[in-house]
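Working notes, structure below.
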Number of protein chains: 2
Amino acid sequence: MVRWEPGGRSRLQTAAVELFLAQGFEQTTAAQIAESAGLTERTFFRHFTDKREVLFEGQEHFQQVFVDGAAGPPRGEAPLVLVSAALARAADLFPQERREGARLRQRVIAANPALQERELLKLAGVAAALAAALRERGVHEPSATLAAESGLTVFTVAFGQWLAEGEERPLEQVVGAVLAELTTLARPGGNA
Amino acid sequence: MVRWEPGGRSRLQTAAVELFLAQGFEQTTAAQIAESAGLTERTFFRHFTDKREVLFEGQEHFQQVFVDGAAGPPRGEAPLVLVSAALARAADLFPQERREGARLRQRVIAANPALQERELLKLAGVAAALAAALRERGVHEPSATLAAESGLTVFTVAFGQWLAEGEERPLEQVVGAVLAELTTLARPGGNA
DNA sequence: GTCTATAGTGCGATAGAC
DNA sequence: GTCTATCGCACTATAGAC
């Protein structure tokens, strides 16, 4: 006989999304989530430093994919080429099967400013890591930061479109379209 | 005889910055700030919905300056021209005299992730409002969002540079330089 | 202005896995 | 023995309700 069931962490995450969807983030207490997963409140906070964090697992991996992706193209390529490569790798993380789950998660976040704050902080972290990767490839400031932030902007815009009702294209294709739009826009006289 | 000194709100803000600098954000309680301003904790939370908010006064005005700035150029101009106009107006909000105060505030924010989250949310709000203003001027999605987000990125990068040790140029000039860098970036083969 | 729920922390105890 | 996941209890501060 086991003292506790395995996978406490993922049970907490699943329970959290369900409860947040059913009754809202603020109306759901950490104790409720824990109970719903067969654990105690104290254990919830052992796994997640705060209540919001339960929705943001896997961010380190997401970030690393961007960083590694930027290391793909040969040295000397333009910053946006490196960013484009990173975006392609990041898009691979979200195949069709993940679309519906992503929609649920996004709905929870959209309904609560505190969760939006956390998401923005995570994205800013990815952008900072990507900028550092670009600097390692010889891109100077402020270009590195501009390119990295632009890349994350492209990703989030594309991701939102990917989650939209009726959107059928794979994420990589949407990312490509948005990136093309950005370069058009930034070219002097672009997209009047 | 007055029942209470005037300017409670700004006294709270001043006290908050001083205490946050001296002992850190988390180590400072709302009660301490209130006491330091000769008020009660309850009054603090009457003025500011949460502890972080005491550092983010005046955001509505900041946002409105961006929106109004984008309404300046004649209709039919390219999105980045509208954004450039908005950036110029926003830069005017920060003359030389505000540089030192801005440095202190930025130091407090840089030292605490919770404050960074709030700042990012505020900036996202400005970007969303600017994007809406661009759409009103006939810019379609996703260009409106891309242009607006890029504008805010340019502003924050420039603002950071403006606060750097040894930087002497006025903010508007730094903004112009960073914006020029962004357009260079998007040119094919640009800025390798 | 008071009262209260909840987030989040610190510390110690327990129990299984290795 | 060590390591790790769990629980239990006491505690503070935030923030909202009354």
Side-chain angles (χ1 to χ4, degrees), chain A residues 1-60 108-109 111-122, chain B residues 2-5 8-9 11-13 15-57 59 108-109 111-119 121-122:
Chain A
M1 145 135 195
V2 288
R3 188 154 122 79
W4 14 263
E5 302 293 325
R9 193 183 184 84
S10 60
R11 288 209 316 280
L12 286 167
Q13 293 172 322
T14 310
V17 173
E18 282 171 9
L19 287 167
F20 292 165
L21 278 170
Q23 36 173 316
F25 173 77
E26 303 209 319
Q27 287 65 46
T28 305
T29 70
Q32 276 175 18
I33 300 168
E35 188 193 6
S36 172
L39 298 168
T40 68
E41 181 183 356
R42 194 66 188 84
T43 304
F44 177 92
F45 285 111
R46 286 186 61 72
H47 283 287
F48 308 102
T49 55
D50 69 62
K51 201 175 109 184
R52 291 174 285 168
E53 201 63 20
V54 70
L55 282 175
F56 293 90
E57 181 86 326
Q59 194 257 348
E60 305 80 6
V108 172
I109 293 174
N112 194 286
L115 293 172
Q116 293 159 35
E117 286 188 334
R118 178 55 52 86
E119 174 148 276
L120 290 167
L121 187 68
K122 298 289 189 181
Chain B
V2 290
R3 215 130 65 103
W4 20 260
E5 299 295 325
R9 195 182 182 84
R11 288 209 316 281
L12 285 168
Q13 292 171 324
V17 173
E18 282 171 7
L19 286 167
F20 291 164
L21 279 170
Q23 34 172 345
F25 172 77
E26 303 207 320
Q27 287 66 47
T28 304
T29 70
Q32 276 174 17
I33 300 168
E35 186 194 5
S36 173
L39 300 168
T40 69
E41 180 181 344
R42 187 65 186 82
T43 306
F44 178 92
F45 283 110
R46 229 191 283 281
H47 283 289
F48 307 103
T49 56
D50 70 62
K51 200 175 109 182
R52 291 174 285 167
E53 202 61 22
V54 70
L55 282 176
F56 293 90
E57 181 87 325
Q59 194 257 347
V108 172
I109 293 174
N112 194 288
L115 293 172
Q116 292 158 38
E117 287 188 334
R118 178 56 51 86
E119 174 148 276
L121 187 69
K122 297 290 188 180

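Labels below follow one simple rule: chain letters A, B, ... track the order of the sequence lines, proteins then strands, and each chain is numbered from 1.
Under the side-chain contact (heavy atoms from CB on, under 4.5 Å) criterion, D50(A) pairs with R52(A), E53(A), R118(A), sequence neighbours left out. Residues passing the side-chain contact (heavy atoms from CB on, under 4.5 Å) test with E26(A) are N112(A), sequence neighbours excluded. With sequence neighbours excluded, the residues forming a side-chain contact (heavy atoms from CB on, under 4.5 Å) with V54(A) are Q13(A), A16(A), F20(A), F44(A), F48(A), listed by chain and number. In this structure R46(A) satisfies the side-chain contact (heavy atoms from CB on, under 4.5 Å) test together with R42(A), sequence neighbours excluded. Listed by chain and residue number, nothing satisfies the side chain to side chain donor-acceptor pair (under 3.5 Å) test with T28(B) (two or more places apart in sequence, or in another chain).
Per the geometry, CD belonging to E35(A) stands 16 Å off C1' belonging to dT6(C), to the nearest Å. Rounding to whole angstrom units, CZ of residue R118(A) and C1' of dG8(C) are separated by 13 Å.
A salt bridge (Lys or Arg N to Asp or Glu O under 4.0 Å) check over residues 6-15 of chain A, counting only residues at least two apart or in different chains, returns the pairs R9(A)-E57(A).
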Could you pull out all donor-acceptor pairs under 3.5 Å where a side-chain atom in residues 31-38 of chain B meets a protein atom, sequence neighbours excluded?
from: Q32(B); atom 1: OE1; to: Q23(B); atom 2: NE2; distance (Å): 3.1

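Near-neighbour residues of DNA chain D inside residues 8-21 of chain A, defined by a heavy atom below 4.0 Å, are absent.
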Open item on the list: I need a per-nucleotide contact map over nucleotides 8-18 of chain D, read 5' to 3'. Cutoff is protein heavy atoms under 4.0 Å; write B for the base, S for backbone only, - otherwise.
Closed with: BB---SBSSB-
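Within the 3.5 Å criterion, the main-chain N or O of I109(A) finds a donor-acceptor partner in the side chain of Q116(A).
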